[in-house]
Structure formats: structure tokens, C-alpha cells
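Just so you know, these numbers come straight off a predicted model, no measurement behind them. Both backbone and side-chain heavy atoms feed into the values below; hydrogens, waters and symmetry mates do not. Naming: A, B, ... by sequence-line order, numbering from 1 per chain.
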There are 2 protein chains.
Amino acid sequence: MDAFPVTYGVPVDDLTASRAPSKVTLVDIARLAGVGVGTASRALSNAKNVAPATRARVLRVAEEHNYVVSPEASRLAKGNTGRVALVVPHLSRWFFGSVVEGLDSVLREAELDVLLYQVGDARDRRDFFDRLPARRKVDAVVVVGFQVEDDERTRMETMGVHIVAAGGQSAAYPSVHIDDYEASRQAVDHLLHLGHTRIGMLEAVDPDQPNLSATRSPAYYDALERAGIPADPTLVVTAPWGGEHGAASMGRLLGHAEPPTAVFAHSDEVALGAIRTLRRAGLRPGDDVSVVGIDDHPMAELTDLTTVRQRPVEQGVIAGRLVLDLLGGGVAPQASTTLPTELVVRGSTAPPLRR
Amino acid sequence: MDAFPVTYGVPVDDLTASRAPSKVTLVDIARLAGVGVGTASRALSNAKNVAPATRARVLRVAEEHNYVVSPEASRLAKGNTGRVALVVPHLSRWFFGSVVEGLDSVLREAELDVLLYQVGDARDRRDFFDRLPARRKVDAVVVVGFQVEDDERTRMETMGVHIVAAGGQSAAYPSVHIDDYEASRQAVDHLLHLGHTRIGMLEAVDPDQPNLSATRSPAYYDALERAGIPADPTLVVTAPWGGEHGAASMGRLLGHAEPPTAVFAHSDEVALGAIRTLRRAGLRPGDDVSVVGIDDHPMAELTDLTTVRQRPVEQGVIAGRLVLDLLGGGVAPQASTTLPTELVVRGSTAPPLRR
DNA sequence: ATCGGAAATGGAAACGTTTCCAGCGCTTCC
DNA sequence: GGAAGCGCTGGAAACGTTTCCATTTCCGAT
């Protein structure tokens, strides 16, 4: 990204120059159909109190002249935007793309438009909450995979903009997420059940998602403790999120005086990085060192990676429904939905070798 | 996805119920600042012909009262939408997510809003071009990774909506893409230079992207012919896109009476599926059978996959600039940009074993 | 026949901007 | 000293809907 500066020469104002030629308006349609504009509007918007014959005539005329309502005018008169903002840190990552996929399908079905906002870093994010919402461009905001600060949330609320979280928990607004602690426990318990006692962890931190690792490593420590195994902090390596960093971290573990026989990785991508390091070191994943991740990334299946499955598309779908609930105005939607995770055992984990 | 029906109980009309409480309008600001609405508008929109003192006063009052313009009203008066539609087949795939990432960064910088439309299959796509959605909601449409039919394009144009293609070529509208033929040639030539003479191909078809494989397999045949190697159609296996299908196709090749010593896969995901099959068959990728893909998916690096790199984020960025050009109205933008691809040699390819 | 009420209709007001146009006070130049 | 010009300003018109309200029409019931 950094290689491609995004500044561009055209002044913003000039962008307003182009214009659509389609000039047929509701008034035209009404005149052509021989009805008043009120009736024409009602006919087109499926309102009641329009005679079937009249409606048919209006619709036919509209069709013939390729009439389409002006969303601007319609929204202005109606007083709402019909739009929802999706705020996503990294679109190119499988997890986020999948959540958005789920969200999009539900929101489109409800005839809502989806406005996309990618907020890579904290600055982008500040920007978003400062500018857009304040601009009354949307009725609701869905944040994917991160938390909204209290002051940001307050501002949104005073503007009448709803907030929903997908792939991240919050007490302050409705959210859909997995139980990170539980997922991590499933992964570590699996290694324990296989008989491993020397278990490392590859912890990933994302400066923009500080709270994620915060629940995954405690689960690791707790699981070990419950199994009566003393935790060894030198077996926990922390690095930024991503396969490359996973690979490097695994390298550090291999350099340990007494290396682990199994490793719990923060995510599948991290785990796959670790596996590359193992292979390059001449070790067989699963046979020599067990590796388990979290996500069930499509690559996990292809690479025989044991993992804890979550379903991001489903998270998106449910978050989308929360948005509809909120916009429907009626029922107070369930504050928080926790989706189950599921251990998927593949070839990258096995009992430890006898020594 | 299919497990989660997207229909929802709230009638669309009811979604219009909620409303923003922020009721301070331009007229209020003008009154409070003691100026006319015209002047207030000019002051806020940075127009000229406003006395510095007046502008300052208006801005201060607006700030104090948390004034924000109504985009609906503004757009209605101005006559343009300030929005661009992104039409994408599969958001959760790395390639598409990355292109959108690039597009988003450029368009946001220009203060344009990005409307997302996911069109999984041909029906969705028809729908998109048929129904009003794009019609007057956007100033331009960017299609990612597929072609627009001629009649669809014509309709868009008569509505004054610009079209740009990212990750797919077209003669009819501006586009950014790689040279698929050349990329395929690079991959196959690499295998030939290593000394392979028995080279298979895993061809992927996507019902929604029919034209992709159309250029990759001809390149394969041509490269072999140029090397004086008779093509063997039984070494070309065609299947839907995806790792699972790649794995199955590789299985078929292994069952061949005289299996290939190297395989050119349509994409990295397909290649990784093939590699899983090789591993399960006890074969070492690179040593026993060479595999090369196309994309340089992040996983390629982690799995030591030789591949032909393309840069989807860059494609998105350039496509975004094309949109700005078009909207700027001035210069006719360059019709078509072909980005270079680059062979990246890793561990999955090596000279054939001596027999 | 007449009446009451529901259904259908036309028109106007409202939504909140931007932009055009005319006016007004100053300077500046004959 | 007057006319021309310029910078700034206020107000009105326009943008294209939706919705409210008053009116008309239609129908069955009395």
C-alpha cells in the first residue's frame, strides 16, 4: 500500500462536474399518466389507497420512460438515509472479508445500501468517527473486529446513529462474536489431551485490535494451570499478527533450550507461518511438533492444520440482523450473541513422540 | 452461507422509522450568525466572495451548534451523488479483498463514498444491473474481476454512470489488469527451463468469470508448442475454482498412466490444493513433482509455493484513479492499463528427478 | 332517494441545501 | 464629482421527492 500514494490531482470540487442525462422526474410521470404527483408517488411506492387501474397505468408509464426515483430527493423528504456503514480494519484478510460478505447479504436483502469504510490504523479510525457519522450519512454503523471508544460511541448516539459490533464484544452496544477464551481453551485442551506437557504459544498483537490477544493468552495460562502444568513464560512469544511473524516466533521457540512439543497459535495464519519454520528446520508438523490455530481459514483444510473453527460469515449475517432490529425500532435486540466454536482435528497435531 | 437465509421479518418500510435527533439546519446557523442563508452556505463550503470575518463567524457558530450539512439536501441541490459502487463477486477471497482495499483508499481520499455490492452469481449480477440500485445512486461503477455485458454497459452509459474494470480487461471501458496470457507463459516457461517435459495443468473455471481460464490454458498450450513439446490434453484437468477442486484434480493427474513431473495451476489456491494431494500421496512438492501457481497469495510465501506475482492492491489503486479521472470529466483516461507480473521462485519447483 | 363513510385523488407544504441574481456600499479612475 | 466596477451580501428559486390535508367519488345501507 505504502508504495501507492493515494493523493490525486483532481480537486474535490471538480468531481461534481459530471451529470446524469436522465432527466425524467416524478412530475413528468404524473403528467403523462394523467394523475397528480401525490398519486404517482403512492403508486410507485406501493402505498395503499391507490386504485389498481391507476397504479398499473402509473407503473406502465414509469417503465416506458425508464423512470427511477432520485434517492437524494426521496431520502431528503423521508428523513432517513437508508444506508449502513461497515467499518473494517483489513479487507484483504479472510476473516474480515467473510464477515462483510455475511453482512452485505443481509443488508442488501433489506434494501439498505452498504457504505464501506476501511480503517487501517488508529488514525483512520479517529477520522472515521470524527467525520463520517457526524455527516449524517448513515443510519447505523457496524464495526468489524474492533472496539469503539466510549466517547466515540456517545457521539454516535447523540446523532441517532446505531452501533453494532461483529467479531468483537462490547457491553455498550449489541454485538456478535465468538468466545475467544473458550476457543483458546479448546485448542490448548486438545494439545493437553494428546499428552503434551510442554506447550508453547504464539501470541499475536494488533495495535489496532489490542483486546484480542488479551483473552487468548490468559486462556492458555489457565488451561495449563488446570492441567497442573506450571506455566513457562519463555514459551510464549508475542509478535504482530501475520504469517511472517508466526514463522519468526516459531524460530525463537525452536532456539529454546528445551523447545515445546506443541504450539498453540493465535490464528491459522500465524500457525501456518510456524509450520513453514518447522519444515525448514526439517521437522514434521504433527509428528515432531504439533501445531493448532484458530479460525479454520480455508487454507487450514488445504494444509492439514488442526484448528478451532469459527464462522465469520455467520457472524456477519447475525450482525446484519441486529442492524435491522435496531432500525426497525421495535424490540430491543439481544445485547450480545456468542457463537460456538468447534475443534477441527487434522494432521498438524498428534501425541508427542516418545523419547 | 446457504445455512443462513437472509430474509428477515422487518418490512422494508418500517426501517425508515428511526430518525436522527440532530435538527440544526443551515437556516438556524445563518440566523444565529446574523447572515443570510446564501452567505452561510458559501462560508461553509469554502466558496469565494465571503468576507473573512463573516466566514469566521459562521464557522464558529456552526461549530458551536454541532452543525453538519445534510448530504441528501446537498446532493439534491448539487445534482450529483458523490458515490461510487464497487461490484465484487467474492469478498472473502484474497484477490478481491485486496483490490477493494486499494480502491477504497483512493476513493476515500477524494471524499467519495464507496458503496459495496457483492454479486456472487450471475443472478445477483443481473439483479444489480437491472434493478434501480446503481441507477441513480452512484456516479460510477467499478466492476472487480468480471466483464460487463454490452447491453448492461449501454444502459449504464445512458444513465450517465461511468464504468471501470479492475482485475479484468475490456475494450469497451477503462480497465486495469494483468496480462493473463503472459503470466501463464511465465509460469509454464519456468517449468520448461527447469527441464520438465511432462507438464500438467490444473485449469479452474468460475461460472461467473468465464473469461479467466480462457486465456490461461491457451498460454499453456502455446508455451509447450513453442518448446517443441506435443500437448497432451489428458494432462489438462478442468474443475471449479478453489483449493478443494485443485486437490481433486491433482488426484486425477496422479492416476494418469504417465503422470506429469510438473504442474501449472490456475491460481495459488488451486496449487495449494494440489500440494496437499501430493503430500498425502507421499510425494514431496518440488522434489518429486513441481507445482507453480499464479497470484502470490500471502499463503504462497508461507507454503514455499513458486508463483507468478500480481499486485491486486495496486490494481485497485489505479482503478480508483481512473474513476477520479472519469469523474473529473476532463481528460479521456487511458483506456487500459496492464500491470506487470513477476515470477517468484520458491521451493515448490525444481528440476525433474533423474530416472 | 339520501346519507355516511371509506377509498381514491390532487395539490401544497416540507425536506435542507446550492446557486443565481439583484442590490448595496466602496474604491478608483476619468 | 460622477460613473464604473468590484466585493460582499440577502433572498428567492430550484432540486425531486414524500406526506398531509381537503376534496371528490363511490358504494351499500337506511
Any salt bridge linking A:Arg125 with A:Glu152? Criterion: basic side-chain nitrogen under 4.0 Å from a carboxylate oxygen.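 A:Glu152 and A:Arg125: salt-bridged.
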Using atom CG of B:Leu44 as one end and atom P of C:dG16 as the other, report the distance to the nearest whole Å.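 Interatomic distance, CG of B:Leu44 to P of C:dG16: 16 Å.
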So if I take the C1' atoms of five pairs at each end of the helix from C:dA1-D:dT30 to C:dC30-D:dG1 and get each local axis, what angle do the two axes make, rounded to 10 degrees?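 One end's axis against the other's: 50°.
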Ignoring hydrogens and geometry, is there a side-chain-to-backbone donor-acceptor pair from A:Arg57 to A:Ala33 under 3.5 Å?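 At least one qualifying donor-acceptor pair exists.
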Figure out the NZ/P separation between B:Lys78 and C:dC20, and round it to whole Å.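 The answer, rounded to whole Å, is 13 Å.
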Under a 4.0 Å threshold between the charged nitrogen and the carboxylate oxygen, would B:Glu72 count as salt-bridged to A:Arg83?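 Counted as a salt bridge, because a side-chain N and a carboxylate O are separated by less than 4.0 Å.
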Is B:Glu101 reaching over with its side chain to a backbone N or O of A:Ser92, donor-acceptor style, under 3.5 angstrom?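 Yes, the answer is positive, given that a donor and an acceptor are paired below the 3.5 Å cut-off.
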Is it true that a side-chain atom of A:Arg75 and a backbone atom of A:Thr81 form a donor plus acceptor pair closer than 3.5 Å?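 Here the side-chain-to-backbone pair exists.
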Please give, in whole Å, the distance from C:dT17 P to B:Leu76 CG?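 Between P of C:dT17 and CG of B:Leu76: 12 Å.
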Hey, is the side chain of B:Ser41 poking within less than 4.0 Å of OP1 or OP2 on C:dT17, counting only N and O atoms?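 So the side chain of B:Ser41 is outside the cut-off, no N or O lying under 4.0 Å from OP1 or OP2 of C:dT17.
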Taking the nucleotide of DNA chain D with the closest heavy atom to each, which residue, B:Arg57 or B:Ala77, is nearer the 5' end?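 Its nearest nucleotide lies further toward 5', so the answer is B:Arg57.
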So does B:Glu149 pair up with B:Arg153, basic N to acidic O under 4.0 Å?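 Salt bridge between B:Glu149 and B:Arg153, a charged N being under 4.0 Å from a carboxylate O: no.
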Nearest-angstrom distance from the residue atom CD of A:Glu72 to P of C:dG16: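 Going from CD in A:Glu72 over to P in C:dG16 covers 15 Å.
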Measure the distance from CZ on B:Arg42 to C1' on C:dC21 and round it to the nearest whole Å.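 Whole-Å distance recorded here is 11 Å.
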B:Asp28 has an atom CG; how far is it from atom P of C:dC15, in whole Å?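 Taking atom P of C:dC15 as the reference, CG of B:Asp28 is at 11 Å.
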A:Leu107 and its side-chain contact (heavy atoms from CB on, under 4.5 Å) partner, picked from A:Val317, A:Val114, A:Leu327: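 The passing option is A:Val114.
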B:Leu26 or A:Gly36, whichever maps to the more 5' nucleotide of DNA chain C: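 In this pair, the answer is A:Gly36.
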By the definition side-chain contact (heavy atoms from CB on, under 4.5 Å), identify the one residue from B:Leu59, B:Val24, B:Val35 that meets it with B:Ile29.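 Passing option: B:Val24.
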Nucleic acid contacts of residues 49-56 of chain A, taken as heavy-atom distances under 4.0 Å to DNA chain C: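 Per residue number, the list reads A:Asn49, A:Val50, A:Ala51, A:Thr54.
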List in chain and number order the residues that pass salt bridge (charged side-chain N to carboxylate O under 4.0 Å, His left out) with B:Asp28, two or more places apart in sequence or in another chain; answer none if no residue qualifies.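 Per chain and number, B:Asp28 pairs via salt bridge (charged side-chain N to carboxylate O under 4.0 Å, His left out) with B:Arg31.
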Whole Å only: how far is the CG atom of B:Asn46 from the P atom of C:dT18?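 Rounding to the nearest Å, CG of B:Asn46 and P of C:dT18 are 12 Å apart.
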Using a heavy-atom cut-off of under 4.0 Å over every strand shown, decide if B:Thr39 touches base, sugar-phosphate, or nothing.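 Result for B:Thr39 = base.
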Using whole Å, what does the distance between atom P of nucleotide C:dT17 and atom CD1 of B:Ile29 come to?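 Going from B:Ile29 (CD1) to C:dT17 (P), I get 9 Å.
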